[in-house]
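Taking it in order: structure first as structure tokens, then the write-up.
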Amino acid sequence: MLSKAELRRIKKAERDALAPEQRREWSTVMAETMSQTFEYQQCDIVTIYLSIGSEPDTLPLIQRAWSDTKKVYVPVVDPASHHMVHKEYTSVCDIVTGTFGIPEPVGTETLTSSDINPGLLSVVPLLAFNELLYRV
């Protein structure tokens with residue numbers, strides 16, 4: 001049985017080997033497919049990561065959310081507390097490279113616990129899952 005670290009290494013290498021055209025196509029299909037789900041159509045807030053490296057490009061889904069007048073929030077590591085918070089991301093935000101080289105918006109509102117409701121949809125990065133469908 002492979003260790004978690006070995007499985008991650010293998011799956012990341014497979015993802016890195018995808019042709020850029022294939023990655024773009026799959027990212028577009030991901031956005032189209034997700035935007036047709038009941039959960040997406042019913043939500044008013046989407047929390048989603050900003051892609052780095054060979055991760056699927058989330059920008060098509062983010063742009064779709066903006067055009068559907070949904071609020072978009074992205075994870076940011078607070079430099080003071082080292083905790084993850086979610087900052088609003090709009091089409092006019094300035095983006096900087098934050099902790100761990102992850103892009104993040106500057107000077108925007110933070111998602112609060114009072115914003116969390118059944119109308120919130122979270123899109124979480126996934127490299128691999130096991131036979132029980134647990135995220136690795």
NZ (K4) and CG (L127) are apart, to the nearest 0.5 Å, by 10.5 Å
Can you tell if the side chain of L59 reaches within under 4.5 Å of the side chain of S51, non-hydrogen atoms only?
no
Contact between R15 and E55 at the side-chain level, heavy atoms closer than 4.5 Å - yes or no?
yes
Got K71 and E88 here, is their nearest side-chain heavy-atom distance under 4.5 Å?
yes
Y40 versus D68, side-chain donor and acceptor atoms under 3.5 Å
yes
Atom pair NE2 (H86) and OG (S122), whose distance is rounded to the nearest 0.5 Å
6.0 Å
Distance-minimising heavy-atom pair for Y89 and I95
CE1-CD1, 3.3 Å
Measuring from K87:NZ to L50:CG, what's the distance to the nearest 0.5 Å?
13.5 Å
Are the side chains of I45 and L111 in contact, using a 4.5 Å heavy-atom criterion?
yes
Counting N and O atoms only, with roles assigned by atom type, does the side chain of Q41 sit under 3.5 Å from a partner on the main chain of F38, one being a donor and the other an acceptor?
no
Is P75 close to T47 at the side-chain level, that is, under 4.5 Å between some pair of heavy atoms?
no
May I ask whether L120 and V72 are part of the same hydrophobic cluster, defined by side-chain heavy atoms of I, L, V, M, F, W, Y residues being less than 4.5 angstrom apart, directly or through others?
no
Can you give me the closest heavy-atom contact between L126 and R135, atom names plus distance?
CD1-CG, 3.5 Å
Rounded to the nearest 0.5 Å, how far does NZ of K11 lie from CD of E14?
4.0 Å
Residue pair L18 / S54, side-chain heavy-atom distance below 4.5 Å:
no
Value rounded to 0.5 Å, distance of CD1 in I48 from NZ in K70:
12.5 Å
Can you find a pair of side-chain heavy atoms, one from I102 and one from V74, that are under 4.5 Å apart?
no
Once you round to the nearest 0.5 Å, how far does CG of L61 lie from CH2 of W66?
11.0 Å
Do Y73 and V85 belong to the same hydrophobic cluster, where Ile, Leu, Val, Met, Phe, Trp and Tyr are linked whenever their side-chain heavy atoms lie under 4.5 Å apart, directly or via other members?
no
Counting only heavy atoms not in E109, do more than 12 fall under 6.0 Å of its CD?
no
Kindly indicate whether the side chain of E32, heavy atoms from C-beta on, has any atom under 4.5 Å from the side chain of R64.
yes
Taking S27 for its side chain and P56 for its backbone only, find out whether a donor-acceptor pair lies under 3.5 Å.
no
